[in-house]
Amino acid sequence: MSEAERAQERDGNVSVGAIERLVRALEVLLSAHASRARDEASRDISRIGAGAVLLVLALALVAPALLLLDLAAVLVIQEHLRWGWAASCVAVAALDVVVAGLALTAARARLAAPVLVETRSTLKRAALVIRGA
């Protein structure tokens, strides 16, 4: 074997070894990413599920009380302001709509937390490494 052939063989072995190391590193990165994504998804599902259960429980307990409170408010408005039934009911209903809108806005903000934040940042870092930046 000539010296040139031996040098070419060594260069080939070095590049194959580098490729194997790169493939193993990529495999470890993907495995870590999958594990982190699984854990993060589990936490997000747990958080959203617990929030939904608590919301349903709160609505079930508060709904009858709100109906009685609305009836009392209609009676108070009718008695003190001398408005009719219809006007008293409209005033209480308008107040209910305002309160419901505020509660809906607060609930939406609470449930709109970003999902899989850590996973997305890991993917961005991996893309930067792969691109060589």
Side-chain angles (χ1 to χ4, degrees):
M1 207 184 247
S2 73
E3 189 63 33
E5 289 175 338
R6 278 190 231 133
Q8 188 179 18
E9 188 177 318
R10 278 194 308 260
D11 290 344
N13 288 340
V14 170
S15 64
V16 169
I19 291 172
E20 286 177 355
R21 287 193 305 274
L22 182 62
V23 168
R24 278 188 299 222
L26 188 59
E27 188 177 313
V28 168
L29 177 67
L30 290 176
S31 173
H33 165 68
S35 174
R36 178 176 276 179
R38 210 174 310 119
D39 293 344
E40 195 173 357
S42 170
R43 285 192 312 264
D44 283 343
I45 288 171
S46 173
R47 178 183 58 82
I48 291 170
V53 167
L54 291 173
L55 182 63
V56 168
L57 178 63
L59 289 175
L61 294 173
V62 170
L66 288 177
L67 289 174
L68 291 173
L69 184 63
D70 279 354
L71 178 60
V74 167
L75 292 175
V76 166
I77 289 174
Q78 183 188 15
E79 183 68 31
H80 290 308
L81 298 178
R82 302 281 182 215
W83 291 2
W85 275 96
S88 299
C89 288
V90 167
V92 171
L95 182 63
D96 285 347
V97 168
V98 170
V99 171
L102 293 173
L104 180 62
T105 302
R108 183 176 176 204
R110 178 74 177 153
L111 292 173
V115 179
L116 300 174
V117 174
E118 293 174 15
T119 300
R120 286 187 291 185
S121 68
T122 301
L123 282 174
K124 287 177 184 176
R125 285 194 311 264
L128 286 173
V129 168
I130 290 170
R131 278 192 286 170

Is there a side-chain contact (heavy atoms from CB on, under 4.5 Å) between Arg24 and Arg21? Walk through the geometry before answering. CA-CA 5 Å; Arg24 278 188 299 222; Arg21 287 193 305 274; 3.2 Å; yes
For Leu55, which fellow cluster members are found when Ile, Leu, Val, Met, Phe, Trp and Tyr are connected by side-chain heavy-atom distances below 4.5 angstrom, either directly or through intermediates? Leu59
Does Ser31 reach the main-chain N or O of Glu27 with its side chain, forming a donor-acceptor pair under 3.5 Å? no
My understanding is that only residues two or more places apart in sequence, or in another chain, count here; which of them pass salt bridge (charged side-chain N to carboxylate O under 4.0 Å, His left out) with Arg38? none
Looking at residues at least two apart in the chain, or sitting in another chain, which of them share a side-chain contact (heavy atoms from CB on, under 4.5 Å) with Leu22? none
Tightest non-hydrogen contact, residues Arg47 and Arg110, listed as NH1-O, 4.1 Å
Test: salt bridge (Lys or Arg N to Asp or Glu O under 4.0 Å). Region: residues 55-65. Which pairs qualify, not counting sequence neighbours? none
Pairs under 3.5 angstrom only: tabulate donor-acceptor contacts from the side chains of residues 63-85 to other protein residues two or more places apart or in another chain.
none

Rounded to the nearest 0.5 Å, what's the gap from CG on Leu30 to CG on Leu26? Could you check? 4.5 Å
